[in-house]
Each structure stands twice: as structure tokens, then as C-alpha cells.
There are 2 protein chains.
Amino acid sequence: MLTPSCLQIVQIRIDEEKERTTFMVRLGGNEMRDGGDLKDGARERPTLKTIAFMTGLGITTVSRALKDAPDIGADTKERVRLVARQIGYQPNRAGVRLRTGKTNVIALVLSIEEELMGFTNHIVFGISEVLTGTPYHLVITPHASARDPMVPIRYILDTGSADGVIISRTEPNDPRVALMEERGMPFATHGRTNMGIVHPYHDYDNETFAREAVRRLVARGRKNIAIILPEGHLSYTGHSIKGYRDGLSLHGARSVPFDSVTVESPLTAIHDATRALMAGPDAPDGLISMAGGCTIAMVAGLEAAGKKLGRDVDLVSKQNSDLLKWIRPEIIAVNEDIRAAGMELARAVLASIGGAAPESLQTLYQPSFAEDA
Amino acid sequence: MLTPSCLQIVQIRIDEEKERTTFMVRLGGNEMRDGGDLKDGARERPTLKTIAFMTGLGITTVSRALKDAPDIGADTKERVRLVARQIGYQPNRAGVRLRTGKTNVIALVLSIEEELMGFTNHIVFGISEVLTGTPYHLVITPHASARDPMVPIRYILDTGSADGVIISRTEPNDPRVALMEERGMPFATHGRTNMGIVHPYHDYDNETFAREAVRRLVARGRKNIAIILPEGHLSYTGHSIKGYRDGLSLHGARSVPFDSVTVESPLTAIHDATRALMAGPDAPDGLISMAGGCTIAMVAGLEAAGKKLGRDVDLVSKQNSDLLKWIRPEIIAVNEDIRAAGMELARAVLASIGGAAPESLQTLYQPSFAEDA
DNA sequence: GATAATTACTGTAACGATACAGGAGATTTG
DNA sequence: CAAATCTCCTGTATCGTTACAGTAATTATC
């Protein structure tokens, strides 16, 4: 039953300097209690103390009631929750963090060289969508990838500034993964590793993409194929190469070397290298691009060499946004849904923080080529 | 002079349950002091207490020494700073935040519908670059722009979760600006307002861009011009229209209505509308686009209508990334440097937090057309 | 040479939350 | 009916930091 809490304000202190009004309360018995500040027009932010005063309960009780602890009576919980909802109570993050060490922060560590076409946008909003409705905030921790990528990781670990970390540009033998694993920091990687550590990840099956890309090209009669790859040290470089090679031998095509540039190179360099390649004696008739940004420069380059897409050469490309079809509908474009990746990664870190087994937090998305292509 | 602090550990308590070792210290006199925990292998994070113990000073003294307070001796400060640097002391954010209310957080409020081509990426890394080396962290607070854009602002204000806020997609009469102003929250807007509130902002001079765009088109003999505008309620829509109209009357051109789509419309809609426009009886010979993403669809649309860029029609477009020239070199593209905008915005909020006058924190970037264009 | 002022440092309380160790009152047990 | 048990609630200490109100020792003042 809801006992009316018979409390009574017996003393009001007005502190003009501090512009606050405090008061004492007499409870049912005759012990006094500090009632806290009288919020002027509910302007001040409510705390547990506010609810404790309003309900006539102790601060501890309120705290435990809101946590649904087993040693609090059912109708007390109800009452506390009601009041908390009414006054819009939200736990003070600094208080929680100081006392418990829980930051309620997910750190997204991004290289400033992430891909041009909306990668950051998509992954950020994918993660955000999952974090909405949880107490977690998303903090962006950037690093110049040329510099030491360990710096932001060490910072987060040393200062304990996040409960979970999401990293991208994963390498097969990634020291960031090793360090976070060692220190027990929950994390998820965009891209797999190959170092004997079982950890949460989300990845796109670039091996399948590359292999299937070769298949589509061969199906169109293209047998001399070139591929533009990511930087050498990233995990997905290896997967791409593997799929590419498998595709070549599986479908009987040959590789035209094209390794003077990577998908990270300046667009001008990619353009020039593609023109040179396509104008040369051993010009390929099939091209594979692992990233949408560089595809645009490649198209310009091959056209500068006098070639025509669909006639002289076919091009399969991955993309993050649905842009390529507007540029040249002839491009065989395959979407990598980075927003979905962000969502998976966020789900994985949250679950990892919650203690889920890492092997249950690994997802691999399959490339989806258009039906006939 | 650096007096050697003659302290002595006189009692060690080993608490096996909590796995910690604490100890008492006898100082030069004979008062005892709690020496805190003996960090096992410097694994635990150092706090003021650690430094206090190591230097033999009080916690308060250490705190004030690190703040360079005037009532602390010069060599004491030196000594404290040395130790702090040695052990890699970093203030606990939760402690500071709880005590002072200072969050050391800048919130970037982004609509999930920000432009495709790298807007988020650029602004985030621009802001980050300025925040690097400061104690500030960047928190991304997203909102579905269809929903109430006030929600994230109210959240930040009610929970005091940031020291400063950066917003984009500013409107001439923006309730977010009014609210933050009223509550005294430092902020900077990407885009100006027109509501009698002087506040920090950064903006791109879209009025000049649109006016100059008309001039370039007229200089190429184009007199029938259409423009694709941003959504109606944004500040820069008004600026664009103003510049556009001024340009038309100034250079003697006429406007071909093109308002069935905005730069926010789906690319398919933009494509179709452009094709219809260009295939119609009143097809313009000059086009102006306020955003790079939609320009790509427009180009596809006008080519689908059988028109050729540079021959039948010229196109002036803004862009965030240097992509358009690879798509059609004929496009007269003008870069809006969003990374620089992020830097300006971050500088502005930080200065605003520091108490700088808002009128000194307003920047307007001029469009830079290529030399001859 | 007593008092005042200055210098350099320190202890206590508080920010808001939670872990922990009670503790009062009702209910069951033998 | 005393003891044990169970229910439900509460006070205290603590996380790391800083504001504030001291205090002891030295130096300046008259």
C-alpha cells in the first residue's frame, strides 16, 4: 500500500550569496534530514536526492529502486519510478562514472583518411542508430593514420575513457587488437584479423567480392583483368587478393599487373596510372576496383585513353553510396552497406560489454551482385 | 630549493580481499598520513593522491600547483609538474566533471541526412583537428531531421552533457539558437541566422556563389538559367535565392523554374526532373547546383535528355570533395571546404566557451572560382 | 618587539552515484 | 514466547577533483 509519507519542512535556510534555498525535514519519527535544495521552478537538474526528498525515502533506496534491486518493495519501486519519470530524472553521468568506472561511452577510432564517399557518415549514423535509446554516447577519436595508430588506443586504455571501442582499417596482425584484448577492453573491428585472437568483428566478404567480380568479367568475355587494391597492410587487401587469384584460376583469366597505385592514392595518380595502363600494349579488358572513390578517377583515366566502358572494357566496383550508376550506368557496382556495418559493430561492442562470447559477435556480409550481372 | 621530502613508510596494510596494499606515511614532523594504494607495477592510473604521496605534499597543493595557482611556491610547482609528467598524470574527467560541471565535451549535432559526399567526414575531422591537444572530446549527437531537431539540443541542455555545441542546417529563425542562447550554452552554427541574436557562426557565402555562378554562365552566353536549391527552410536557401536573383538582374538572364526537387531529393527524382526539364520546350542552357551529390544525378539527367555539357548547357556546381572534375571536366565546380568550416566552428565554440565576444567569432568564407571560369 | 601582512601549504566538504554493512519491524519457527 | 528468519529500508564511505576556510611560519610594519 502507498503509505503517505508524513514529512514536514521544519526549517528553511536561505543563502543569498549562493542563490539557493535549502531546508530541513522532519520525518514520521523525529529524526531530521537535509532536504536538499528547493529547486527554483524545477530549473535545477533532479538527482537521487530530489527523488529521495519527494518520496520520503533514503537516497540508497531510490538508487536501488531504480535499479530494480530485489530488496526493495514492489510499490516503493513503483512510486520511485513514477516520481523519477515525472520530474525527468536522468542519472548524472559523472557521478556514475566516478563511482563505478562505467563511462557509457563508445569510442569510434577513425583514420582521417577514411574513404571519400560517405564512409564516415554511414558508419557514424549506423552506430548512432543502435546507441539511440541506450545510455551510450558516441565519441569520435581521430588519428592521422600516417602516425602511430596505437596512440588513440593507448589513450583510451590509459584514461579509461570508453567502455568499448570500434576500430576500422584492421590489419591481419593488428597490435591494437592485441593490446585491447590484453587489457580486457571490449571492442569490435571493422575487418577481420588473423592472429589467433577470437574477437568481435564485422566484415564484408571481399574475397567473395573479388572472386565474383572476376566471374562477371569473364562471363562478359573479359580475360585480361587488372585490379586496384587497398594498401598492402590492411586485412582486406589479403582477402581481395585471395579472391582475385582464385577467380582468375577458377574462370581462366589472367592478371594484368596494376600495382603502382592503391585505392588510397590521390585521384590524379589513379587517373594517370589508369590512362597509362589502358593506353599501353597490355591494356586489360576487365577492371576491378575495391572502392568507389577511385573508380571515378579510373573511369576518367580509361576514357582519357580512348577506351569506352562496356565496349572495350568492363569495370566492377564496390561502392559505399549509390553514386556510380549515375556516373556510368555501365559500371557493375556492388554496394557495401557501411551503415549496416556500423549497426553490426555497435551491436557487437554492446554485447561484448555485456559479456557475450566473442565468437557469437562475428558477422560477415556477402556481396550482393545485381541479379543477372 | 628542492627540499628532499623526508617521508617514511611506517605501516603497511595488506587487504587480501580487495587485492590492494595501502600504507601509512610519517612525514618530517610526526603526523601520519594515508599514503594511498601502492600501485602494483604502476598499473593503476595515477591521481592527485599519487602525486601528493610522491612529493610529500597535500592533495590540494598538488591540484593548485598543476593549475599554476598564485599561492603555491615556484619550486613546488616545478616539482609537482615534473612528477606529474613522469608518471603520466591525466586528470580524471569524471572527477572534474562532477566537481566543476565542466564536461570537456563538444557536441556535434548532425542530421542523418547530411550531404552524401563527405560532409560528415570533413566536418568531423576539421573539428577534431582543432580539438586535438585540448582536453575536449567530440561527441556526435545525431537526429533524424524529420523528427524534432530540438530533441538533441534539449537533451544536451537538460543533462549538461557538453560545454559547447555545434549545429548545422541552420534556419533563419532557428529555435535551437534561441534556446541555447537563453540557457547560456556556448555554441556555433554552420550557417547564419536572422533573428536578432548575435552568435558565433561560420558560413559559406552562398549568395555570392549563386550570383557569381550566374555571371559565369552569362559570360558563356547562357541566358536561360535553372537552379536546384536546398530545402526551403534552411538559411542558405534564402542566401542562394538572393544571390541567384541578383545575378539574373545584374547580368540580364532569366530564370527557368525548377522547383519540383531540392538538393535533398533522392537522386532518382533529381535525375528524372532534370531530364524532363532538359527535354522540355523551355529547357535552360545554364544550370546551377548547390550540392555535389545532386550534380551527379543532374548530369546523368541532362545527358539522358540528349544534351551535352559545354555544348548545349553549362553547369556550375558547389562540391565538398574534388570529385566532379573526374566525372565531367566541363562542370564548373567550386569547392566548399567543409574541413576548414569544421575548424572554424571548433575554434569559435572554444573561444565562446572561453568568453570571447560572439561578434568576433563569425566567419564567412568566399567562394573561389577557378581563375578564368 | 609586538602586530600585521604575506607566503606557502593543508584539511574538510561537496559534486552524484553506488557498494556494503547494518537494522528495525514483521513473520515464522520450535 | 524467545529466537531465528525474512522484508525492506538506511547511513556511511568512497570514487577524483576543487572551493573554501583555514594555519603555521616567515617577513614587513610601526
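Just so it is clear, the values below take in all heavy atoms, side chains as well, and ignore hydrogens, waters and symmetry mates. A note on names: the letters A, B, ... follow the listed sequences, proteins ahead of strands, and every chain is numbered from 1.
With a 4.5 Å cut-off on side-chain heavy atoms, A/V80 and A/T61 do not count as touching. At a threshold of 4.5 Å between non-hydrogen side-chain atoms, the residues B/L108 and B/V124 count as touching. Between B/L361 and B/V349 there is no side-chain heavy-atom pair separated by less than 4.5 Å.
The phosphate of D/dT18 has OP1 or OP2 within less than 4.0 Å of a side-chain N or O from B/K67. Between A/T60 and the phosphate of D/dG11, there is no side-chain N or O to OP1/OP2 separation shorter than 4.0 Å. When the side-chain nitrogen and oxygen atoms of B/T76 are compared with OP1 and OP2 of C/dC9, one or more of them lie within a distance under 4.0 Å.
Side-chain atoms of A/R97 never come within 3.5 Å of backbone atoms of A/N104 as a donor-acceptor pair (strictly under, hydrogens ignored).
Toward the 5' end of DNA chain C, the nearer of the two residues B/G95 and B/V62, judged by each one's closest nucleotide, is B/V62.
When the local axes at the two ends of the helix from C/dG1-D/dC30 to C/dG30-D/dC1 are compared, using 5 base pairs at each end, they differ in direction by 60° after rounding to 10°.
Contact annotation for B/N92: backbone-only contact, meaning every heavy-atom pair under 4.0 Å involves sugar-phosphate atoms and none involves a base.
Residues from residues 98-105 of chain B with heavy atoms under 4.0 angstrom of DNA chain C, sorted by number: B/L98, B/R99.
One finds the CZ atom of A/R93 at 7.5 Å from the OG1 atom of B/T159 (value rounded to the nearest 0.5 Å). Taken from CD1 in A/I112 to CD in B/E129, the straight-line distance is 7.0 Å, to the nearest 0.5 Å.
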